[in-house]
Structures are given as C-alpha cells and as structure tokens.
Amino acid sequence: MSCSVVQCVIRCIAWHGVILRFALVFNVKDSCGILAFHNVSNLKKKRVVFAVSLTQRTPNYGPFLVLLAAAVCTKAGKAIVSRQFVEMTRTRVEGLLAAFPKLMGLGKQHTFVETESVRYVYQPLDKLYMVLVTTKNSNILEDLETLRLFSRVIPEYCRVLEEGEISDHCFDLIFAFDEIVALGYRENVNLAQIRTFTEMDSHEEKVFRAVRETQEREAKAEMRRKAKELQQIRRDAERSGKKVPGFGGFGSAGMSSMSSGSIITDTIIEPEKPKMATVPVRPTGSSKALKLGARGKEVDNFVDKLRGEGETITSNTGKRPSLASNVLPPPVNVESVHMRVEEKISLTCGRDGGLQNMELLGMITLRVTDDKVSRIRLMVNNYDKKGVQLQTHPNVDKKLFTSDSVIGLKNPEKSFPLDNDVGVLKWRLQSTDDALIPLTINCWPSESATGCDVNIEYELQEESLELNDVVIAIPIPSGVGAPVVGDVDGEYKHDSRRNVLEWSLPVIDAKNKSGSLEFSVAGQPSDFFPVNVSFVSKRNYCDIQVAKVTHVEGDAPVKFSLETSFLVDKYEIL
C-alpha cells in the first residue's frame, strides 16, 4: 500500500494568538489521515494562511469500497476460506482474523466489533464464524443484510458446517461470494440467482448437446439398418444355396469408427455360429421340421405374429441394454435354453394412505441358441395367490397350459425360433388393495417454529422379497439450504442441484423390513411430495417360475439357465 501526500490550505481567522474560526479547503481521495502544519505565519494578524499536508496512515481502500473481505474462520481466528475484495496481503488478512476473537467481549449480544481502522460484522455458525471485514464508514444495516445472505449461501454448498466440509467446497463458496459482492458493495441478487449464476447454464451448450445427440441417434439408426440389410443378404444366400459373401471390409470402409464396425460384426457373425454347425446334421425324415429350419418363411411368420401381439423381438446384439442388465448382472453360465422372468411395477399411493393404483406386468421370455433343443416344453409352477391374470402366446397350446401348466407349441413338430427373444407367457396384476403394496412409505411433515420436521419411514410388507439398491427421493424446497438430518437408517445425500434428499438403503429384506429418517428444514408440508422410490430385486413379486424344461419327444430333461428380475417403472407417493 502506498502513502499519498496532498497539499491543502486552511484559512484561519485569529485575534491575538487565539484562533476564532478556520475553514479547511481540500479535495483528497484518502478517507482518513493526520494534519501537519507548515510555515505558520504571525498569528497576530487577522487573517493567516497555513500550508498543511494530509498524510495517509491507513491503507488506501478508496472512497467507494466498504466491504474489504469475507471469511469463514474458527473460533480461534484461523481462516478456512477468505475472499478479499481489495488488494490485501495474506499476512494482513490473517492478522485481522487472528485479532477478531480477542475483540469480542464475553456476554455481549452484539454482532459487530470495531477497531480504529475496520469493523467486524460476524455471525456464529456452530463452531465457526462468518465474518465480514468492512470500513468504519460503511452502513451497518446493509452490512448485516449482506452477512445474512453470506450465511445462507454456506449451507447451500456444505452439508455440515465443519472445517473439513468448508475446505472441500472452498472454490464453490468463493464463486458464490463473488456473485454477492463486487467492488466492495453488495450486488442486488438473491439465493436463487446466485445458484443460477454459479451453475453457468448455457443455452448454446444445450443446443450443441441436442444436435450432437440427434446426430448420434441418426448414425446408430443407419448402422442398424445396414446391419439388417447385410443379415438379410446372408439369409437369402443361405436359402438359395449360394456361397455366403464376406462382408469383412464393410465395417472398415463404410463406417469410420471402430465401434460401429465391431457392432456390425457381432450382429452378423455371432448368430450364424450355431446355424453353420447345425445345417449338416438336420434329419431328413421330419419334413415339417426341415421346412421350418431350412426356409425362413414360417419362422418369419411366427416372429411377425409375436410382434403383432405386442411382443418385443430383437436380435442378439442390436438392442440396448435394459435397466435390469445395468443393475442386475446376467447369469454367469448362459445355457442354450435361456429364460428371463421379468416384472415391472407401477404404483401410486396417497400421502394420507391408501393405494390409488397398482399395476404389475410380468413376462417369461425364451431364447434358444441351439437347434438340437429347439423343440421343447416348459413346466411352469404358479403359486400366486394375489389374483394374477395369465395369458399365453397364440402359438402356444392353451389347453395344455391350462390343464398341466406346460408351455408348448400347438404344432409339436415345429420348433422355437433360434437366436430370438420370444415372449411365451405374460401376466398382469391390477389392484387397489393396500395389503398388496410391496413396500409402504409413510411421510409425516409437521410444521415447527423454524420450518418443518419431517419423519419418513418404510416397511416391507412382502417379506419374501429382497429389494436391492433402494433409493427414496424426497423433494426439498429451493433456496432453504441443506436439511438438518437427525436419526437415519442407511445413508443420505442432499442434491442441491436437483433439490432432492436421497435416502439410500443397500438391502431391504425380512431381517431389515423397516427403518426411518428424520430431518428438519424450512418449508411447508406440501413441499415434500411427491416421494419417489426405486429398487431392483432378483426375486419376482408374483410367485411364477419355470421349474423344468423337457424335449417334446421322450420328455428328456434339457439343461437351462434362468434370470429373474423385479424392477420399478413408477413408484411414487403423491
């Protein structure tokens, strides 16, 4: 900091050595200083002129800078985060903050203390202090209002008011402080605007990402179309008995990326491996089975019928992984006969209790990769007592299933299509009975003097289930900071960007069938709804399973693999 000397003139009116009146005429930039008199003339004259100099004693902060620094420090005066709004050295800041605790008197209720040069405006934050260092000519009311805004910003980024948490989010706090104060004065912003400014949301970036995603989707659609064309050419060549042309160079010449070439290769070559191995060993005695295997017309008609019924028929590698494949790993050993038992639940409950609607859809999907085991039957065990409605595929023998719970084709001479996911049985359960809710959620917000005390609890009603990766998402009002969490079973996380408190539980089963979470935050009872729940399970809700797979001829058992998943489509408490 440099000192400045400004010459000025004092006109005094004196009589016999006694100064009666004087006028100070000067224009300086320094806010404080001392007067030094020079060249004093004879005081006995009526008018005398003094030449004086104004010498600076304090750093030159300027006439418009009232807020010098904002800091979060410990009760001992140790600085954790400090943002200076004027040019100040680190030693100067640490010295000011180190002197701050010594200036506070015991038992005083003031929120500010003053020294000869600066004023401290502070607010306790548990074991810490939020401190503003200002000049003495600042407006104390505006300083207190600015201090309240600073104190509200800190919980927005820090879950707990501790030294380690403050240090971890120091840059977020500094960016937020810069939005509050500019050039020593507070900006006209509120907490919501500060959050928007620090997120740096860009419309141009959104447009760029949308264009890029559209281009990626178009490229993937073109890739799948080319893959289907190549697969159709290969099938036509096999049916006509011609040599199958090689398309190895298409992936590298037609597609620029290695990923596209690999996907095309998997789509074309992988499904052909069992076909190439089984063509020479087809029996000639069974003419109908030979027609079904040699010509693709009947297989295509069967697949088209399945698609007409609303079933999803996809190739081996062209489909996107489902939620179950992302969360639940597939079986390690996948046999030539593989089945998936998948259920999805959509549930809506009222906040005051009562099931508004629950719909559960289930399906058994069959996939056969070996022609030797394509003529099979599935033995199904149905122990469901909830009133589920079953429906078989039109090509499945309904009488056989009704009488013996066996899934088989109407024409026993036909075989299931190879390398395709075929839905053979589906079921539906719709009810408004509260007893059928698998996992009940009760949310009890109650108003208090400081906001709302929220108590939320869960209870597993279907004890045969084992729910994994359970996440209960409770909305939090915007601009109120992080909630103060009391008792909690499991873990929690406050997402300040989405204004959601996520309560996570790794497993809920019969041994851990209930739990609760308590927290307090500002807001109204209606602000904490709707509550959304998500989970996955390796056990299905309706007790329907495939017990055995046998050959059509001879009833010899066939080795198979089974994959079971229970997923959430929508689960909310309104």
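Keep in mind it's a predicted model, so treat the numbers as computed, not measured.
- The CG atom of Asn333 lies 7.0 Å from the NZ atom of Lys559; values are rounded to the nearest 0.5 Å.
- Ile407 is not listed as a side-chain neighbour of Arg377, based on a closest heavy-atom distance of 4.5 Å or more.
- Of the N and O atoms on the side chains of Ser478 and Arg195, at least one donor lies less than 3.5 Å from an acceptor on the other residue.
- With rounding to the nearest 0.5 angstrom, the CG atom of Asp178 is 11.0 Å from the CG atom of Leu173.
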query: Can you list the steps and then say if Phe535 with Tyr571 is a ring-ring contact (aromatic ring centres under 6.0 Å, His included)?
result: CA-CA 9 Å; Phe535 58 80; Tyr571 205 111; 5.8 Å; yes
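- In terms of heavy-atom proximity, Ile476 sits nearest to Val480 at CG2-CG2, 4.1 Å.
- Look at Lys513 and Glu463 and you find a salt bridge, because one of the NZ, NE, NH1 or NH2 atoms lies within 4.0 Å of a carboxylate O, short of that distance.
- Heavy-atom neighbours of Tyr492 OH from other residues, nucleotides or ligands within 6.0 Å: above the threshold of 12.
- Checked for salt-bridge contact, Asp421 and Arg367 meet the test: a charged N lies under 4.0 Å from a carboxylate O.
- No donor-acceptor pair under 3.5 Å is formed between the side chain of Asp433 and the backbone N or O of Leu436.
- Judged purely by distance below 3.5 Å, without hydrogens or angles, the side chains of Glu459 and Asn442 never pair a donor atom with an acceptor atom.
- A donor-acceptor pair under 3.5 Å is absent between the side-chain atoms of Asp495 and the main chain of Asn499, judged by distance alone.
- With a 4.5 Å cut-off on side-chain heavy atoms, Cys443 and Val454 count as touching.
- The side-chain heavy atoms of Leu360 and Phe566, taken from C-beta on, include a pair separated by under 4.5 Å.
- Residues Ser446 and Pro525 form no side-chain contact, since every pair of their non-hydrogen atoms from C-beta on lies 4.5 Å or further apart.
- The pair Lys385-Asp543 fails the salt-bridge criterion, with no side-chain N (NZ, NE, NH1 or NH2) lying under 4.0 Å from an Asp/Glu carboxylate O.
- Within the 4.5 Å cutoff, side-chain heavy atoms of Phe197 are placed close to those of Val189.
- For Arg83 (side chain) and Ala176 (main-chain N/O), no donor-acceptor pair under 3.5 Å exists by modelled atom type.
- With respect to Met339, the side chain to side chain contact (heavy atoms under 4.5 Å, CB included) criterion is satisfied by exactly one of Val368, Leu378, Thr365: Leu378.
- To the nearest 0.5 Å, the span separating CD on Gln356 from CD1 on Ile573 amounts to 10.0 Å.
- Of all non-hydrogen atoms in Met130 and Leu125, the two that sit nearest each other are CB-CD1, 3.8 Å.
- A salt bridge is absent between Glu165 and Arg159: the closest approach of a Lys/Arg side-chain nitrogen to an acidic carboxylate oxygen does not fall below 4.0 angstrom.
- Remark: the backbone N or O of Leu355 is paired with a side-chain donor or acceptor of Asp434 at under 3.5 angstrom.
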field: Ile474/Phe529 under side chain to side chain contact (heavy atoms under 4.5 Å, CB included): CA gap, chis, key distance, verdict
entry: CA-CA 7 Å; Ile474 307 104; Phe529 295 95; over 6 Å; no
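- Without hydrogens or angle criteria, Ser138 side chain to Thr134 main chain gives no donor-acceptor distance under 3.5 Å.
- Atom CD of residue Glu462 and atom NZ of residue Lys386 lie 4.0 Å apart, to the nearest 0.5 angstrom.
- Between the side chains of Asn455 and Glu518, a donor-acceptor pair is found at a separation under 3.5 Å.
- A donor-acceptor pair under 3.5 Å is formed between the side chain of Lys410 and the backbone N or O of Pro394.
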- request: Would you check, one step at a time, whether the test side chain to side chain contact (heavy atoms under 4.5 Å, CB included) holds for Ile472 with Val531?
  value: CA-CA 7 Å; Ile472 303 173; Val531 178; 3.6 Å; yes
- prompt: Can you list the steps and then say if Thr348 with Asn357 is a side chain to side chain donor-acceptor pair (under 3.5 Å)?
  reply: CA-CA 5 Å; Thr348 303; Asn357 184 40; 5.8 Å; no
task: Check step by step if side chain to side chain contact (heavy atoms under 4.5 Å, CB included) holds for Arg186 and Ile180.
output: CA-CA 6 Å; Arg186 175 190 166 183; Ile180 300 175; 4.3 Å; yes
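- No hydrogens or angles considered: nothing links the side chains of Glu563 and Ser565 as a donor-acceptor pair under 3.5 Å.
- Not one N or O on the side chain of Ser514 forms a donor-acceptor pair closer than 3.5 Å with the backbone of Tyr458.
- Considering all non-hydrogen atoms of both residues, Asp489 and Ser516 come closest at OD2-N, 3.0 Å.
- Side-chain contact of Thr564 with Asn540: a donor-acceptor pair under 3.5 Å is absent, judged by distance alone.
- A side-chain hydrogen bond (donor to acceptor under 3.5 Å, both in side chains) with Glu359 is found for exactly one of Arg428, Lys344, Gln430, namely Arg428.
- We find that Glu163 and Lys78 are joined by a salt bridge, their nearest charged nitrogen and carboxylate oxygen being less than 4.0 Å apart.
- Side-chain atoms of Ile80 and Cys73, non-hydrogen and from C-beta on, never get closer than 4.5 Å to each other.
- Looking only at distances, no side-chain donor or acceptor of Asn420 sits under 3.5 Å from a matching main-chain atom of Val422.
- Within the 4.5 Å cutoff, the side chain of Leu149 has heavy atoms near those of the Ile194 side chain.
- Taking all atoms of both residues into account, the shortest heavy-atom contact from Leu347 to Pro438 is CD1-CD, 4.1 Å.
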query: Run the side chain to side chain contact (heavy atoms under 4.5 Å, CB included) check on Ile456 and Ile441 step by step: do they pass?
result: CA-CA 7 Å; Ile456 184 169; Ile441 305 294; 3.9 Å; yes
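- Salt-bridge annotation for Lys493 and Glu502: absent, with no side-chain N of the basic residue lying under 4.0 Å from a carboxylate O of the acidic one.
- Between Leu517 and Leu501, the closest heavy-atom pair is CD2-CD2, 4.1 Å.
- Residue Tyr122 is tested with Phe100, Phe112, Phe150 for a ring-ring contact (aromatic ring centres under 6.0 Å, His included); the sole match is Phe100.
- The backbone N or O of Thr369 lies less than 3.5 Å from no partner atom in the side chain of Ser336, so there is not a single donor-acceptor pair.
- Here the CE-CH2 distance, from Met363 to Trp427, works out to 9.0 Å after rounding to the nearest 0.5 Å.
- The shortest distance between side-chain heavy atoms of Ile166 and Ile154 falls below 4.5 Å.
- Counting heavy-atom neighbours within 6.0 Å of Glu491 CD, excluding the residue itself, gives a total of 12 or less.
- Listed here is the closest heavy atom pair of Tyr541 and Leu465: CD1-CD1, 3.9 Å.
- Between Glu205 and Arg209 a salt bridge is recorded (basic side-chain N to carboxylate O distance below 4.0 Å).
- Side chain of Gln193 to backbone of Asn190: a donor-acceptor contact under 3.5 angstrom is found.
- Note that OH of Tyr129 and NZ of Lys75 are 5.0 Å apart. Values are rounded to the nearest 0.5 Å.
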